[in-house]
Amino acid sequence: MKQVRLGSETVVAIGQGTMGIGGYYCRDDSRDAEHLRLLQQGFDLRLTVVDTAEAYGEGHAEELVGQAIAGRRDKLIVLSKFSAEHSRSDQIIAAAEGSLKRLNTDYLDVYQPHWPNPNVPLDETLDALDRLMGEGKVRSVGLSNFQIPAAQQAIGSLFNGNLTCLQSEYSLVERSIESSLLPFCELNGLALVAYSPFQQGTLLKRNARTEPLHSMAEDYGVTPAQLALAWLLRYPNVLVIPKAGREISLRENAEVLALKIP
Ligand code: NAP
């Protein structure tokens with residue numbers, strides 16, 4: 001099974017994204033039962049890392065993850081994020097309390113600023129994260145959509161715990177991290193959490209742009225989604241977090257953990 005280092009832990013290299021589970025930018029509870037079942041099926045299929053955010057569905061994604069993890073929290077790795085507008089110290093503490101409550105857990109494995117906030121010094125954000133780690137509410141820190149200088153600052157200044165990962169968009173068609181962020185992660189023992197691996201699904205629609213992926217997948221006897229994920233996992237420190245809204249998608253994605261493509 002493909003695995004990746006996340007700080008001191010070894011975790012499965014494919015997780016579950018949750019943007020759109022419980023709504024995108026607004027809360028949507030119309031598919032709650034289905035989404036809850038899918039998250040739990042994902043855990044059963046060994047997709048035991050789940051990435052969420054306070055922003056997704058205005059907190060409803062976290063509520064659904066909270067229900068899904070009940071009874072098996074200790075076997076799962078939960079990543080969440082606070083929004084850029086909550087980057088001030090007291091706002092981060094309040095955001096973390098909100099996420100812990102919605103997730104019905106007393107700790108987050110990884111807590112991440114979702115995006116940089118240019119109006120708040122990074123030191124202030126890192127100090128608040130350090131405080132949360134000191135209190136045991138957060139086990140490690142990740143940075144989402146940040147660049148190398150910020151990661152260097154975090155490595156140098158986090159006191160009570162570690163920076164374990166950087167989260168960035170990464171797919172067959174969005175490869176800008178390959179020249180800098182990805183090697184930086186490798187060098188510094190960080191996992192690269194790859195989001196939007198299917199470019200939100202557009203990569204999986206067959207057209208002139210995506211034809212090479214589709215025809216190569218046919219040659220290998222796998223689906224385009226599986227080939228796209230397997231390709232990302234050629235780097236040993238990449239943890240990919242596709243979002244699946246259907247059981248067939250979930251199963252296909254989980255199969256990649258054991259897939260060998262020459
Ligand atoms: P994505 O994972 O690239 O694509 C999701 C789309 O792909 C859905 O429409 C899904 O369709 C489809 N899909 C998934 N597996 C499939 C399969 N095996 N076969 C066919 N279609 C498949 O998009 P994403 O949601 O943007 O990214 C994934 C996660 O990354 C998010 O959920 C979120 O947790 C995280 N993220 C983070 C940031 C950030 O700023 N940090 C930004 C974007 C995303 P169905 O739903 O119909 O299965």
Side-chain angles (χ1 to χ4, degrees), residues 13-25 28 30-31 34-35 37-39 41-42 45 47 49-57 59-62 64-65 68 77-85 87 99 103 108-117 141-147 150-151 165-177 181 191-206 210 213-214 217-218 222-233 238-257 259:
I14 302 177
Q16 300 189 69
T18 62
M19 193 172 70
I21 301 259
Y24 283 87
Y25 301 106
D28 175 0
S30 62
R31 291 179 64 195
E34 186 188 358
H35 282 146
R37 196 187 69 244
L38 281 169
L39 284 166
Q41 278 178 335
L45 291 165
L47 306 182
V49 174
V50 60
D51 175 78
T52 188
E54 64 166 339
Y56 298 164
H60 193 42
E62 289 185 326
L64 289 170
V65 172
I77 300 291
V78 179
L79 289 67
S80 194
K81 317 181 198 82
F82 58 89
S83 302
E85 63 268 26
S87 298
S99 287
L103 287 160
L108 296 167
D109 294 279
V110 181
Y111 200 32
Q112 312 155 97
H114 205 146
W115 287 89
N117 181 332
V141 166
L143 296 175
S144 166
N145 299 302
F146 281 74
Q147 298 302 321
C165 56
L166 301 185
Q167 182 165 154
S168 185
E169 184 171 357
Y170 186 33
S171 69
L172 273 162
V173 286
E174 176 44 71
R175 301 178 59 177
S176 50
I177 64 163
L181 213 61
L192 188 286
V193 180
Y195 74 71
S196 300
F198 307 132
Q199 229 190 11
Q200 306 197 322
T202 57
L203 193 55
L204 305 178
K205 294 188 171 65
R206 195 164 193 156
T210 62
L213 170 66
H214 288 255
E218 277 171 10
V222 297
T223 69
Q226 290 177 323
L227 186 55
L229 291 180
W231 183 84
L232 292 175
L233 295 182
V238 169
L239 164 58
V240 62
I241 48 166
K243 176 249 161 184
R246 294 170 302 142
E247 188 179 336
I248 176 110
S249 306
L250 196 63
R251 289 190 180 280
E252 271 186 22
N253 299 347
E255 279 170 15
V256 177
L257 288 172
L259 205 65

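Values reported hereafter were calculated over all heavy atoms of this structure, with side chains retained and with hydrogens, waters and symmetry mates removed. Indexing begins at 1, ligand by ligand and atom by atom, following the structure's order.
- Comparing A53, A254, P242, G245 against atom 46 (O) of ligand 1, the shortest heavy-atom distance belongs to G245.
- Considering only heavy atoms from C-beta on, H114 stays 4.5 Å or farther from E54 through its side chain.
- Here the heavy atom of the protein found nearest to atom 40 (O) of ligand 1 is N145 ND2, 2.8 Å.
- The closest heavy-atom contact to atom 43 (C) of ligand 1, among the options Y170, Y195, Y56, comes from Y195.
- Looking only at side-chain heavy atoms (C-beta outward), P224 and L203 stay at 4.5 Å or farther from each other.
- Under 4.0 Å from ligand 1, heavy atoms of S196 appear from its side chain as well as its backbone.
- Residue, atom and distance of the protein heavy atom nearest to atom 3 (O) of ligand 1 are F198 N, 2.7 Å.
- In K243, the parts holding a heavy atom less than 4.0 Å from any atom of ligand 1 are both the side chain and the backbone.
- In this structure, the protein non-hydrogen atom closest to atom 29 (C) of ligand 1 is I241 O, 3.1 Å.
- The pair K243-D51 does not count as a salt bridge, with every side-chain nitrogen at least 4.0 angstrom from each carboxylate oxygen.
- When the options Q167, Q112, M19, E174 are ranked by their closest heavy atom to atom 37 (C) of ligand 1, first place goes to Q167.
- In terms of protein heavy atoms, atom 9 (O) of ligand 1 is closest to Q200 O, 4.1 Å.
- Of all the atoms in ligand 1, the ones that sit under 4.0 Å from a non-hydrogen atom of R246 are 20 (C), 21 (N), 45 (P), 47 (O), 48 (O).
- Using a 4.0 Å cut-off to heavy atoms of W115, the atoms of ligand 1 that qualify are 40 (O).
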Check against side chain to side chain contact (heavy atoms under 4.5 Å, CB included), L64 and Y56: CA-CA 11 Å; L64 289 170; Y56 298 164; over 6 Å; no
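- Contact check for F82 versus S87: side-chain heavy atoms found under the 4.5 Å cut-off.
- With ligand atoms numbered from 1 in the order given, ligand 1 contributes 3 (O) to contacts under 4.0 Å with heavy atoms of Q199.
- Every atom of ligand 1 is numbered from 1 in the order shown, and the set under 4.0 Å from a heavy atom of E252 is 17 (C), 18 (N), 19 (N).
- The atoms of ligand 1 that sit less than 4.0 Å from any heavy atom of A225 are 17 (C), 18 (N), 19 (N).
- The protein non-hydrogen atom at the shortest distance from atom 15 (N) of ligand 1 is N253 ND2, 3.1 Å.
- Close approach of ligand 1 to H114 (heavy-atom distance below 4.0 Å) involves ligand atoms 39 (C), 40 (O), 41 (N).
- What sits closest to atom 41 (N) of ligand 1 on the protein, heavy atoms only, is S144 OG, 2.8 Å.
- Regarding atom 21 (N) of ligand 1, its nearest protein heavy-atom neighbour is L204 CD1, 3.2 Å.
- Side chain to side chain, E174 and S176 meet the donor-acceptor criterion of an N or O pair below 3.5 Å.
- Considering both main-chain and side-chain atoms, I248 never comes within under 3.5 Å of ligand 1 through any nitrogen or oxygen pair.
- The proximity of K81 to ligand 1, defined as any non-hydrogen pair under 4.0 Å, is limited to the side chain.
- For the residue pair S99 / E62, a side-chain donor-acceptor distance below 3.5 Å is found, with atom types taken as modelled.
- Contact annotation: for I21 versus ligand 1, there are no heavy atoms closer than 4.0 Å.
- The nearest protein heavy atom to atom 26 (O) of ligand 1 is closer than 4.0 Å.
- Side-chain contact between N145 and Y195 is present, with heavy atoms from C-beta onward closer than 4.5 Å.
- Side-chain atoms of S144 and Q112 include no donor-acceptor pair closer than 3.5 Å.
- Annotation for ligand 1: atoms under 4.0 Å from non-hydrogen atoms of G201 are 4 (O), 6 (C), 7 (O).
- Taking 4.5 Å as the limit, some side-chain heavy atom of C165 sits within range of a side-chain heavy atom of V110.
- The D51 neighbourhood of ligand 1 comprises atoms 33 (C), 34 (O), 35 (C), with distances under 4.0 Å to a heavy atom of that residue.
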